[in-house]
There are 4 protein chains.
Amino acid sequence: MHEELKRNVCDANLELRKRELVIYSWGNASGIDRSTGTVAIKPSGLPYDELTPDKMVLLDLDGSIIEGTLKPSSDTPTHLELYRNFEAIGGICHTHSPTATMWAQACRAIPCFGTTHADYFYGAIPVTDIMTKEQIQTDYELNTGKAIVSRFADIDPMQMPAVLAAKHGPFTWGKNPAAAVEAMVVLEQIAAMALGTITINRDQGAIGNTLLDKHYLRKHGRNAYYGQKS
Amino acid sequence: MHEELKRNVCDANLELRKRELVIYSWGNASGIDRSTGTVAIKPSGLPYDELTPDKMVLLDLDGSIIEGTLKPSSDTPTHLELYRNFEAIGGICHTHSPTATMWAQACRAIPCFGTTHADYFYGAIPVTDIMTKEQIQTDYELNTGKAIVSRFADIDPMQMPAVLAAKHGPFTWGKNPAAAVEAMVVLEQIAAMALGTITINRDQGAIGNTLLDKHYLRKHGRNAYYGQKS
Amino acid sequence: MHEELKRNVCDANLELRKRELVIYSWGNASGIDRSTGTVAIKPSGLPYDELTPDKMVLLDLDGSIIEGTLKPSSDTPTHLELYRNFEAIGGICHTHSPTATMWAQACRAIPCFGTTHADYFYGAIPVTDIMTKEQIQTDYELNTGKAIVSRFADIDPMQMPAVLAAKHGPFTWGKNPAAAVEAMVVLEQIAAMALGTITINRDQGAIGNTLLDKHYLRKHGRNAYYGQKS
Amino acid sequence: MHEELKRNVCDANLELRKRELVIYSWGNASGIDRSTGTVAIKPSGLPYDELTPDKMVLLDLDGSIIEGTLKPSSDTPTHLELYRNFEAIGGICHTHSPTATMWAQACRAIPCFGTTHADYFYGAIPVTDIMTKEQIQTDYELNTGKAIVSRFADIDPMQMPAVLAAKHGPFTWGKNPAAAVEAMVVLEQIAAMALGTITINRDQGAIGNTLLDKHYLRKHGRNAYYGQKS
C-alpha cells in the first residue's frame with residue numbers, strides 16, 4: 001500500500017544525495033498521505049545505495065509502525081511533530097548540508113539579503129531556541145520538533161519552509177517530499193550567498209519589505225506571474 | 001523563422017547550466033537579430049531539461065510576442081530595455097551565480113584587483129542604485145532595466161559587459177548570446193577572486209590604469225594582439 | 001598471506017582518493033591484524049593509479065618488513081607508534097585534506113560546534129604540541145607518533161578517532177581501515193563547517209556537554225539507538 | 001621535429017584543464033629542449049579542445065619561430081626570459097588559478113604555514129614587485145619575466161618553483177613541463193590552505209626552519225628518503 005508515497009519519499013532521499021547535500025547516511029526525507037494520516041520515512045542509518053521504495057517505513061501520526069521491517073529514522077519523532085502541527089505540509093527533509101549547518105551552529109538566523117532568498121522564503125530563515133538540558137535528555141527528537149513548532153508560533157510554515165535547529169542543522173518542508181528537497185537545495189545556496197555577503201560587508205542589512213514582497217509574491221500566491229501556470 | 005537565433009539562445013541557456021551557474025530554472029539568456037529587431041528569450045520557469053530551440057519565445061522590441069506558445073521569462077522587460085538602449089549588444093544573460101550575487105547583495109562594485117578582471121572588464125563591475133518603493137511596485141522588471149541603463153550613463157556597455165543589480169544578481173551581455181554567457185562565467189570567477197583578495201587584505205586597492213589599459217587593450221580594440229585573429 | 005588485510009588497506013587508500021581527500025600520492029592508509037601483529041601499509045610515493053593489494057607492504061610492529069618489495073610509506077613509524085599505543089584501533093589514515101589541514105596549520109583544535117561533529121567525535125579535535133628541534137631532526141616520523149600519543153594521555157582514542165598534527169595535517173583511525181577513512185571524510189566536513197561557523201560568529205562557543213553526550217551516545221556505546229543494529 | 005617535446009607540452013596544457021586550473025584559453029605551458037635551445041609553447045588564445053601536439057609553436061630562445069603556423073602565446077616573452085635565466089628548468093606554466101591569483105592580487109607572498117607547502121616549496125612563495133608604468137607600457141611580457149628574475153636574485157628557482165606576478169597570477173616551473181604543472185596544482189592547493197589558515201588565525205606565523213628543512217629535504221636533494229627512488 002501507499003506505493004506512490006513510498007516511491008516519492010525514496011526519490012526525495014536519493015535526490016538529497018544527488019544534489020550533494022548528504023554523505024553517508026546523514027539526512028532523511030519523509031512524506032505524508034493526509035487522507036489516511038500515513039507517513040513514509042527513510043530507515044535509520046541505511047546507506048543511500050541500498051534505498052528502494054519498499055524499504056521505506058510507514059507509520060501513523062502517533063509513531064506506530066504500519067508497514068516495514070526496518071527501524072525508521074531516529075529523527076522520526078521530529079518529523080511527526082511537524083506533520084501534526086503544520087497541517088499544510090506534505091513532505092519534510094533534514095540534512096547536515098554544510099553551509100546551512102554553519103549558520104545553525106552559529107545560532108544565527110539567515111537574513112534575507114537578496115531576491116534569490118526572497119523568491120523562496122518570506123523573510124529571515126529562523127533558528128530555534130537552544131534546547132534545555134531536560135529537553136535534550138528526554139524525548140530529544142520530539143523536543144526538537146516542539147522547538148521548531150514553538151519558533152513558528154507567528155510564522156506561516158508554507159511561507160517559510162525552512163528552519164535551522166540550533167547547533168544542529170536545517171529542516172525544510174513543502175507541499176510534498178520533492179518540494180521539501182527543493183527547499184533544502186535552495187537553503188544551502190542562499191546560506192552560502194549570505195556567508196559571502198557578510199564577508200564582503202559585515203554590517204549588510206536585509207532587503208526591504210517592498211522588494212521581499214515583490215519577489216516572494218511574484219512566485220507565490222494568487223497574483224504570482226512567474227512560470228507557465230495560471 | 002529565426003532558427004539560428006533560437007538555436008543560439010537555447011545553446012546559451014544550456015551553457016549556463018553546464019557551467020554550473022544556474023540551478024532549477026534560475027537564469028535566462030536572450031539574443032537579438034538587429035536586422036529585424038527580433039528578440040528570442042527563454043520561456044519563464046521552464047526546467048533546463050525541457051529547453052529546445054523551438055520553445056524559445058520571439059518578441060519585438062516593444063514586447064509583443066511574434067512566435068511561441070509559452071510565456072517569456074519574467075525578466076523579459078529588463079532584457080528589452082537593455083536592447084533598446086545598448087545598441088551594440090546582441091545577447092544578454094541573467095543568473096543568480098553565487099559569488100557575483102554575494103557582491104550584488106552587499107551592494108558593492110567589484111574592484112578591478114587584477115589582470116584576470118582587466119582582460120574582460122574595463123574597470124570595476126558597477127552596481128545599480130537601490131530601487132525605490134515605486135520602482136519596485138510598478139513595472140519592476142522594466143525598472144530594473146532602467147536602473148541598469150541609468151548606471152551606464154557614462155560607461156560604454158561594450159567595454160563593461162556586466163552589472164550587478166543591487167540586492168539581486170548579475171546581468172551580462174555581449175555581441176551575441178554566447179559572449180554574454182562567457183562574460184557571466186568570467187564574472188563569477190573574478191567575483192570569487194575578489195572575495196578572496198579582500199579576505200587576505202581588506203584594504204587592497206584596484207590595479208592602476210596603466211595595467212588596466214595594457215590588459216584590456218591587448219585583448220580588445222584595434223591594437224589587440226592576443227589570440228589568432230588580426 | 002594476509003590477503004584480506006592487504007585488500008582492505010588498498011581499498012581504504014583508493015577510497016581516500018575517490019572522496020577527493022588526496023591528490024598525487026599525498027596520504028596513506030594502513031591496517032593491522034591484531035592476532036599476528038601484522039601491519040599492512042601503502043608503499044611510499046606510489047601513484048594511486050598503481051595501487052593494488054599485492055603492492056601493500058607488510059611489517060611487524062617493530063617495523064621489520066615481512067613481505068613486499070617496495071619501501072613502505074615514509075609515515076610508517078607514525079602508524080606503528082599509534083598501533084603500539086592505541087590497542088583498540090585496527091586502521092589508520094593520514095592525509096593533507098584541505099580544511100582539516102587549515103586548522104592544523106593554525107595549531108587550533110576544532111571546537112565541537114554542533115551535532116554533526118558530536119555524532120562522530122566526543123569533543124574538540126585535539127592538536128598536538130609543536131615539536132622541538134630535536135624531535136624533528138631525529139626520528140621525525142616516530143616522534144610525530146609520540147606527540148600524538150602524548151596528546152591522548154587523557155583521551156580515549158576510540159571516542160576521539162582523529163588528531164591534528166600541528167603545522168602538518170590530520171591523522172584518523174578506527175576499528176579497521178574503512179572506519180579510519182570514514183573518520184577522515186567526516187573530519188574534513190566538520191572542519192569546513194567549523195571554519196564557516198567562526199566566520200559567521202568569531203566568538204561562537206562549543207556545544208554543551210548534554211547535547212554532546214546525547215548525539216555521541218545515540219550513535220556509540222551500549223545505549224546507541226541510531227541505525228539498524230542492536 | 002621535436003615530436004616528444006611538442007607532445008609533452010601539449011599534454012601539460014591539457015593537464016592544466018583536467019586539473020580545473022584553467023577555463024577558456026586562460027593559461028599556457030611550455031617546455032624546452034636544452035640540447036638545441038628549442039622552446040615549444042601553446043598557441044595564443046586557442047581553445048583547449050583544439051590543442052594537439054602539432055599545433056605547438058617552436059621558437060628559439062630569442063623568440064624567432066622555428067616551426068608552426070599559429071601565433072605563440074602572448075606570454076611567450078615571459079617564458080623565454082625565464083628559460084634564459086633559470087638554466088635548470090625544463091618547463092614553465094602560467095594560469096589564473098583562482099586561489100593563487102587571490103594572493104597575487106593582494107600582492108602578498110604565501111607564507112609557509114605547514115608541511116604540505118614545505119614538501120614542495122622551500123619557503124614563502126614570493127611575489128614580484130609591482131611593475132612601473134614604463135615596464136607595463138613597453139615590452140610588458142618581457143618585463144614580467146624580468147620582474148620574476150629580479151625577484152629570484154637570491155632564490156634558487158629549483159628550490160622555489162613558483163612565483164606570484166603581482167596583481168596578475170602565478171607562474172610555476174620544473175625540470176620538465178609535467179613538473180611545472182604539478183607545481184601549479186600544488187600551489188593552488190597550498191594557496192587555499194593558507195587562505196583558510198589566516199581566516200582561522202590572522203596572525204599565524206610560518207613554520208620554523210627545522211620543520212621546513214625536514215620536509216623539503218626528505219623529498220628533495222641527495223638525502224631524500226620519500227618515494228621509491230634511491
Side-chain angles (χ1 to χ4, degrees), chain A residues 15 18-21 97-99 110-120 174 178-179 181-220 223-230, chain B residues 22-27 43-47 50 55 57 69-75 94-111 127 130-141 143-144 164-170 191-192 194-199 202:
Chain A
E15 178 81 0
K18 187 182 149 200
R19 294 279 182 172
E20 302 189 347
L21 297 178
S97 72
T99 325
I110 305 176
C112 181
F113 283 135
T115 62
T116 319
H117 183 131
D119 280 339
Y120 282 83
V181 170
E182 180 167 342
M184 186 63 77
V185 172
V186 176
L187 177 62
E188 178 64 13
Q189 189 91 342
I190 61 148
M193 287 175 178
L195 182 57
T197 301
I198 62 169
T199 300
I200 297 169
N201 180 14
R202 175 63 57 176
D203 302 315
Q204 180 64 41
I207 64 173
N209 284 336
T210 310
L211 189 58
L212 175 59
D213 282 351
K214 182 69 194 175
H215 269 266
Y216 188 78
L217 300 175
R218 93 176 174 167
K219 281 200 161 185
H220 304 270
N223 293 316
Y225 59 93
Y226 179 92
Q228 299 300 327
K229 295 278 176 53
S230 103
Chain B
V22 299
I23 57 172
Y24 297 115
S25 59
W26 304 4
S44 180
L46 209 69
E50 300 175 20
K55 292 211 177 101
V57 184
T69 57
L70 296 166
K71 276 170 59 184
S73 166
S74 58
D75 293 318
H94 169 53
T95 69
H96 295 239
S97 71
T99 325
T101 300
M102 294 171 195
W103 287 90
Q105 292 190 157
C107 303
R108 294 278 172 95
I110 304 177
V127 58
I130 293 172
M131 293 168 78
T132 64
K133 187 170 176 179
E134 291 66 34
Q135 289 170 327
I136 294 168
Q137 288 181 329
T138 308
D139 293 329
Y140 169 65
E141 292 83 3
N143 287 329
T144 298
L164 304 174
K167 299 177 180 294
H168 186 158
L195 182 57
T197 300
I198 61 168
T199 300
R202 175 62 58 176

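Nothing here was measured: the structure is a model prediction, and the numbers come from that model.
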Look at the side chain of A/Gln204 and the backbone N and O of B/Gln105, then say whether any donor-acceptor pair between them is shorter than 3.5 Å.
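A pair under 3.5 Å: yes.
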Side-chain (B/Lys71) to main-chain (A/Tyr225) donor-acceptor, under 3.5 angstrom:
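Yes; at least one donor-acceptor contact below 3.5 Å.
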Sort out for me which of A/Gly114, A/Ala118, A/Ala192, A/Gly208 touches chain B most, counting heavy-atom pairs under 4.5 Å.
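Result: the option with the highest number of such pairs is A/Gly114.
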Among A/Arg19, A/Lys219, A/His117, which has the most heavy-atom pairs under 4.5 Å with chain B?
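Among A/Arg19, A/Lys219, A/His117, the one with the most close pairs to chain B is A/Arg19.
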Chain B heavy atoms under 4.5 Å from A/Ala194: which part of the residue, side chain, backbone, both or neither?
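The backbone, not the side chain.
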Evaluate the side-chain contact (heavy atoms from CB on, under 4.5 Å) criterion for residues A/Leu211 and B/Met131: first the C-alpha distance (whole Å), next the side-chain angles of each, then the deciding distance (0.1 Å), finally the verdict.
CA-CA 9 Å; A/Leu211 189 58; B/Met131 293 168 78; 5.9 Å; no
Do the rings of A/His215 and B/His168 sit parallel, tilted or perpendicular, given the 30° and 60° boundaries?
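A/His215 vs B/His168 ring planes: perpendicular.
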Nearest atoms (heavy-atom pairs only) where [X] meets [Y]:
X: B/Ala106; Y: A/Thr197; result: N-CG2, 4.0 Å
X: A/Gln228; Y: B/Ser44; result: NE2-O, 2.9 Å
X: A/Ile200; Y: B/Arg108; result: O-NH1, 3.6 Å

Heavy atoms of other groups near B/Gln137 CD, more than 12 under 6.0 Å:
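It does: B/Gln137 CD has more than 12 such atoms within range.
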Should A/Gln189 and B/His96 count as side-chain neighbours, where that means a heavy-atom distance under 4.5 Å?
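SC-SC contact between A/Gln189 and B/His96 ruled out.
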When rounded to the nearest 0.5 angstrom, what is the spacing between [atom1] in [X] and [atom2] in [Y]?
X: B/Met102; Y: A/Ile198; atom1: CE; atom2: CD1; result: 11.0 Å
X: A/Lys214; Y: B/Glu141; atom1: NZ; atom2: CD; result: 5.5 Å
X: A/Leu212; Y: B/Ile136; atom1: CG; atom2: CD1; result: 10.5 Å

Portion of B/Ile130 that has a non-hydrogen atom of chain A nearer than 4.5 angstrom:
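Contact with chain A: none, neither part.
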Part of B/Leu195 within contact of chain A (heavy atom distance under 4.5 Å):
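Contact with chain A: side chain only.
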Quick one, A/Asp119 with B/Tyr24, criterion side-chain contact (heavy atoms from CB on, under 4.5 Å). Give me CA distance, side-chain angles, the key distance, then yes/no.
CA-CA 13 Å; A/Asp119 280 339; B/Tyr24 297 115; over 6 Å; no
As an exercise: rank B/Ser25, B/Cys107, B/Gly169 by heavy-atom pairs under 4.5 Å with chain A and give me the winner.
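Among B/Ser25, B/Cys107, B/Gly169, the one with the most close pairs to chain A is B/Ser25.
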